[in-house]
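Notes to accompany the following structure.
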Number of protein chains: 2
Amino acid sequence: MVFQQRVKMSDVARTAGVSVATVSKVVNGRYGVARATVERVQQVIHDLGYEASLGAQSLRSHRTNVLGILLAEFEPFSTELLKGASQEVAGSGYQLLAYSSGDGEGAAVGWERRSLARLSGTLIDGAVIVTPTVVETENNFHVVAVDPHTGPSHLPTVDSDNFAGAVLATNYLLSLGHTRIGHISGRTDLMSAQLREAGFRSAMAEAGVPVDERLVRPGGFRIETAAGPAAELLGLADRPTAIFAGNDLSAISTMAVARDMGLCVPDDLSVIGFDNVPESALVNPPLTTIMQPLQRMGAEALRLLVDLIAGVERDTHIRLPTELVIRSSCRPHR
Amino acid sequence: MVFQQRVKMSDVARTAGVSVATVSKVVNGRYGVARATVERVQQVIHDLGYEASLGAQSLRSHRTNVLGILLAEFEPFSTELLKGASQEVAGSGYQLLAYSSGDGEGAAVGWERRSLARLSGTLIDGAVIVTPTVVETENNFHVVAVDPHTGPSHLPTVDSDNFAGAVLATNYLLSLGHTRIGHISGRTDLMSAQLREAGFRSAMAEAGVPVDERLVRPGGFRIETAAGPAAELLGLADRPTAIFAGNDLSAISTMAVARDMGLCVPDDLSVIGFDNVPESALVNPPLTTIMQPLQRMGAEALRLLVDLIAGVERDTHIRLPTELVIRSSCRPHR
DNA sequence: ATCGGTATCGATAACGTTTTCGAATCGGCG
DNA sequence: CGCCGATTCGAAAACGTTATCGATACCGAT
């Protein structure tokens, strides 16, 4: 019910009978202000409920003690990373700001660069960027990338062992007797997607099973974009008996398409995913998948970022292990 | 690999051979600049990759086209709301910034007020606040509350029908033959917690079953805070045969405590939750609960906020229905 | 030529904070 | 009593942007 204007530093200064400069010193704990004055100003600050304006603060000092995490959207993958990062930030002295491009559908490339330019140097002290396609770093500003785009980059990075995970998934399908295995690959600009496809091909070659190129199609890592390729694959006269989807969302999409076409998973078609997002345990049938420790990846990324800002010398590339999680979406080939 | 300073408006102005004022007009699409100039400036903006500084922009104009959503932490409840809000924001012309108090444990009361003071008027044009305990609105700044604190408030609000949901839950347990029903209530400062307890008492009274006051304990809506009360309840000589937990996290905590004490859910103890967060379907046994449409609540809150800023006349209190979701954590009383 | 009216543009003052640096005060000591 | 160093404070400039408003250029009409 209190209907008041934002209280600014000059208000505090006036009621405390000092100058804004002095208030600023008190707020930031700078040296050179008398004991009595400090206490009086702090009292006024408390009484008036003063809070520094983030915008003005950062505009002047280029330091806000706020870190950002940039996501294209709040899909399950990013949300899990966010949870991990959020837990890690507690007690670090920083606060966390999650920024979504909001682009949703169109997802204009380069949103990370634009958002970063908008926030860096004027709002946040550093950022972790999830699945960035464009990496470009201004000096004196730290970013770490999670699951970055392809191509050479010396950005500090956190990811999981995508290649090994893909080998795990493929070998599992092979061990069930499948040989006509399809692969719905991910966003071609993502390192992880390329490594998963490479792992798939490697495992197939290792087993001496040739890859039918018609069974490998890009699915874009999203439910909507994967549906088309999945339908094409399943529409083939000699359709695959198993599909290794590039991520869980593609796998879920594939299962939906299969159902629509009258196919039963896992009886008519085995499906394995990648990520182990919470949703994968909820779908029917529960999805067999490759787990990457998403929350831990988020936590590691945040800790790495904090260390970088603090100037700590440490390894700037973290790779976490993957693991096979067996549920009910795969069955031996008859 | 490009290693460059942040490019500012004056840089654009210099290379385009105009003044910063003109650049500003071009950026904001103001009237009064020649066609040719507009194009030239836009070209330079694109070439240099200029992006306005959020801080400076908002400091001066008090308008950023950015909305905030304030969460105490990224637990499941808030995360679902966030997803809903995030989907709704696409295409609204705004961008969404999620802010977590980061307080995690201690969760100092009034974090919403402090964060809001920090962000409002200098960073965001409006905010939706999840489970706020302190409501205080500055003029010319819009906020909408989701699941707000108790006490009178004329804040625009989105919530679900907590009372009816609690009646649903209680009646379900009663219909299974339970009469010794315990209730682990929620954060006592939250409207939703009070309404759920009231619904519980109302349904019990309606059925003519007296409430044993020793079986009603506050659990704080969190896994850690609910464990103690749950243990006390289950340690009673005449322990309850069923527990209506104030939310899913309390219910999950209760099930864990029960397991530790050698009790089997649902055979020795029926447990029902509230919220239907995704986790409730993952636990073992899957949790029977009351669903509130969390994502939709987030979406409605965001739409309401946008409308308020735009000055649209509309209903400022939205209440969504709840629903019983039967899974496997309840069983008829023998 | 002169004039009035439109376009187009740029100086400049804010916005709320931090930081530098000089001014003022005070106590102690010669 | 005069001087000096230490302490405490405030004036003012900067940060990058937007908004106001006056200056200039140009046009056609008298």
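So that the names make sense, note that chain A is the first sequence line, chain B the second, and so on, each numbered from 1.
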Exam field: side chain [X] to backbone [Y], donor-acceptor pair closer than 3.5 Å:
X	Y	result
B/Arg40	B/Ala16	yes
B/Asp125	B/Asn65	yes
B/Asp147	B/Asp159	no
A/Ser61	A/Gln57	yes
B/Thr64	B/Leu123	yes
B/Thr22	B/Val18	no
B/Arg187	B/Ala193	no
A/Thr157	A/Leu155	yes

Measure distances between side-chain N and O atoms of A/Arg60 and base N and O atoms of C/dT17, and say whether any donor-acceptor pair falls under 3.5 Å.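 Absent.
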With rounding to the nearest 0.5 Å, note down the distance linking CD in B/Glu75 to CD in B/Glu80. 10.5 Å
Would you call B/Asp11 and B/Arg14 a salt bridge, using N to O less than 4.0 angstrom? yes
Would you mind checking if B/Arg222 and B/Glu73 are paired as a salt bridge, meaning a charged N to carboxylate O distance below 4.0 Å? yes
Separation of [X] atom [atom1] from [N] atom [atom2], in whole Å?
X	N	atom1	atom2	answer
A/Leu59	C/dA14	CG	P	17 Å
A/Lys8	C/dT18	NZ	P	15 Å
A/Leu54	C/dT18	CG	P	11 Å

Toward the 5' end of DNA chain D, by each residue's nearest nucleotide, B/Ala21 or A/Thr22: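 So the residue in question is A/Thr22.
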Would you mind telling me which residue lines up with the more 5' stretch of DNA chain D, B/Val23 or A/Ala34, judged by nearest nucleotide? A/Ala34
The correct set of residues in residues 26-33 of chain A placing a heavy atom under 4.0 Å from DNA chain C is A/Asn28, A/Arg30
On DNA chain C, does the nearest nucleotide to B/Arg35 precede the nearest nucleotide to B/Ala56 from the 5' side, or the other way round? Give the residue. B/Arg35
Please report how far the helix from C/dA1-D/dT30 to C/dG30-D/dC1 bends, comparing the axis fitted to its first five pairs with the axis fitted to its last five, to the nearest 10 degrees. 70°
Pick base, sugar-phosphate or nothing for A/Ser24, based on heavy-atom distances below 4.0 Å to the nucleic acid. base
Going 5' to 3' along DNA chain D, which nucleotides are the first and last within contact of chain B (any atom under 4.0 Å from a heavy atom)? D/dG16 to D/dA19
Counting only side-chain N and O atoms of A/Gln57, is one of them less than 4.0 Å from OP1 or OP2 of C/dT18? yes
